[in-house]
A.B. asks: 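Dropping a structure here in structure tokens format, bear with me for questions.
Side-chain atoms are counted along with the backbone in the values below, which use heavy atoms only and exclude waters and symmetry mates. Start at 1 and go down the list; that is how both ligands and their atoms are numbered.
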Amino acid sequence: MVDIHTLRDKERQRFTRTHPASMAQADAARRHYLFGVPLHWMRDWPSPATLAVEHAQGATLTCADGHRYTDFCLGDTGAMFGHSPPVLARALAEQATQGLTCMLPSTRSVAVGEGLQRVFGLPQWQMALSASDANRFALRWARGVTRRPMLLVFDGCYHGAVDDTLVDMDPASGRTLPRASVLGQVHNHDRFTRVVPFNDLSALEAALAQGDVAALLAEPALTNFGLVPPAEGFWPAARELCRRHGVLFIMDETHTVSTALGGYAREHRLDPDLLVVGKAVAGGLPCAVYGFTADLARRMTQAKEAAPDGHSGIGTTLAGNALTLAALDAALTHLHTEANYRHMLSVAEQLEQGLVERIHRAGQPWTVTRLGARMELQFMDHTPRDAQDVRDHARSDLEAFTHLFMLNRGVLLTPFHSMMLVSPATTAAHVQQLLGVFDELLAALA
Ligand SMILES: Cc1ncc(COP(=O)(O)O)c(C=O)c1O
């Protein structure tokens, strides 16, 4: 019987031996940063020290020790179109000498608006600096417009640092619970947030029927709790329920933009009232957008005009800045393209097939769940139905070992779970590299 802890210790020793520069950087950085990193989640990587990145380009990155990695994490989707795409680098360089931020629209604003409509289908847009902010603003508009207090989310959801959504569901009573891991939270969100299991239409209907819900905020598939796809027919029925109960339907496509050009909702004609996209939307620059229908734009205008003068609580100074607009313009024109998605989806399919074949051959009870260019290796024998199903089959020890094993052999998976994302710069050779390392992993676990 393989002892996963012994295996993991060996991998930790191997990392320490082969990454003296990253180890030294981590040590020195502790003098200036909490946990030794600029963002404390960067310590969620499974290695003894977080890799210090020397540079990243296309589908690869190079660490301080000169090791080259094939990157299937891609900044947890921020770099979905590859690191520093040349068209984006050129657009940024050009704009960098022409003004970075003026709190005025740039002469590109119209072209960007047209690009957003062309790619994502909705006519009206506003901007934010992060998907967390865009979700927060979308919720504020939704509550302002409907004059209803409640938000509905799914158990296991993640929509960024949005307090209202950082809640869990009590499996026994179905009640909203504060998420135990959230620090510094003093508000009890069960007053304003209701949580139901994903893929459960009757729970959704019961929650909506109370008549006090402003919006359903959801990812088309849960992508932050493993990967839980929607059941056949779930979304058309859920969409119809929202319509029937006057509830705004907000799709957070920050991760599911990997599904197809324009995202999942467009591909599956889900017809959202509001749509949020962050991270990769401008090729990885701090930028997020939220789009909405003409009818909702009319209601938002009325709500704003009816409100007293003063702060709306919606927006931040740097949103829609000139540099970001230049990046967004270039990204909408050259990155969000049919050709890029055709490549990403075909390479992702090769990766999925290779993993599935190997898993079957090795007789491991594991599953690969794919949504366009992203997929998840799940240490369970079926595609999960909801967050509880994922919890019931959690194998955090095996997951952490897998990540470190692959990292030590030049392949990066997303640290939070076992997500692999394919970019336009990812090639069949990168896939073969991952599959070769996966063969070694299976042998080590045999
Ligand atoms: C679906 C979804 N929405 C929103 C966010 C928040 O993005 P950011 O951290 O860039 O604000 C995330 C982050 O992972 C996400 O997965």
A.B. asks: Flag Asp133 as yes when one of its N or O atoms lies below 3.5 Å from any N or O atom of ligand 1, and as no otherwise.
C.D. replies: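 No, Asp133 has no N/O under 3.5 Å of an N/O on ligand 1.
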A.B. asks: Quick one: nearest non-hydrogen protein atom to atom 14 (O) of ligand 1, plus distance?
C.D. replies: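 Nearest neighbour among protein heavy atoms for atom 14 (O) of ligand 1, to 0.1 Å: Lys279 NZ, 2.7 Å.
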A.B. asks: With atoms numbered from 1 as shown, which atoms in ligand 1 lie under 4.0 angstrom from a non-hydrogen atom of Gly160?
C.D. replies: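 Near Gly160, meaning under 4.0 Å from one of its heavy atoms, ligand 1 has 4 (C), 5 (C), 6 (C).
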A.B. asks: Does the side chain of Ser423 reach to within under 4.5 Å of the side chain of Phe81, using non-hydrogen atoms?
C.D. replies: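 Contact flag for Ser423/Phe81 side chains = no.
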A.B. asks: Any nitrogen or oxygen of Glu219, side chain or backbone, less than 3.5 Å from one on ligand 1?
C.D. replies: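 Such a contact does not occur with ligand 1.
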A.B. asks: For atom 3 (N) of ligand 1, what is the closest protein heavy atom, and at what distance to 0.1 Å?
C.D. replies: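 The closest one turns out to be Asp252 OD2, 2.6 Å.
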A.B. asks: Between Thr77 and ligand 1, which residue portion shows a heavy-atom distance shorter than 4.0 Å: side chain, backbone, both, or neither?
C.D. replies: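 The answer is neither; Thr77 stays 4.0 Å or more away.
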A.B. asks: Check for a donor-acceptor pair, side chain of Ser109 on one end and backbone N or O of Pro105 on the other, with a separation under 3.5 Å.
C.D. replies: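 Such a contact is absent between Ser109 side chain and Pro105 backbone.
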A.B. asks: Which atoms of ligand 1 have any heavy atom of Asn135 under 4.0 Å away?
C.D. replies: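 Near Asn135, the atoms of ligand 1 are 3 (N), 4 (C).
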A.B. asks: Under 4.0 Å from ligand 1, counting heavy atoms only, is it the side chain of Asn224, its backbone, both or neither?
C.D. replies: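 For Asn224, the contact with ligand 1 is made by the side chain alone.
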A.B. asks: Of all the heavy-atom pairs spanning His245 and Arg148, show the shortest one and how long it is.
C.D. replies: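 Heavy-atom minimum between the residues: O-NH1, 2.9 Å.
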A.B. asks: Return the orientation label for the Phe416 and Trp41 ring planes: parallel under 30°, perpendicular over 60°, tilted otherwise.
C.D. replies: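 Plane angle over 60°, so perpendicular.
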A.B. asks: Are Val195 and Phe154 packed together at the side-chain level, in the sense that at least one heavy-atom pair is separated by less than 4.5 angstrom?
C.D. replies: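 Counting from C-beta outward, Val195 and Phe154 never come under 4.5 Å.
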A.B. asks: Side-chain donor-acceptor contacts of residues 282-291 below 3.5 Å, not counting sequence neighbours, with atom names and distances?
C.D. replies:
unit_1: Tyr290; atom_1: OH; unit_2: Trp141; atom_2: NE1; d: 3.1

A.B. asks: Leu270 vs Phe249, test: side chain to side chain contact (heavy atoms under 4.5 Å, CB included). Steps then yes/no.
C.D. replies: CA-CA 9 Å; Leu270 298 188; Phe249 181 58; 4.2 Å; yes
A.B. asks: So which protein heavy atom does atom 9 (O) of ligand 1 come closest to, and at what separation?
C.D. replies: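 For this ligand atom, the closest protein heavy atom is Ser132 OG, 3.9 Å.
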A.B. asks: Which residue and atom name correspond to the protein heavy atom nearest atom 7 (O) of ligand 1, and how close is it?
C.D. replies: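 Sorting protein heavy atoms by distance from atom 7 (O) of ligand 1 puts Ala131 CB, 3.4 Å first.
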A.B. asks: Please list, in number order, the atoms of ligand 1 under 4.0 Å from a heavy atom of His255.
C.D. replies: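 Heavy-atom distances to His255 below 4.0 Å select 14 (O), 16 (O).
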A.B. asks: Show me the side-chain donor-acceptor pairs of residues 32-40 shorter than 3.5 Å, one per line, residues at least two apart or across chains.
C.D. replies:
none

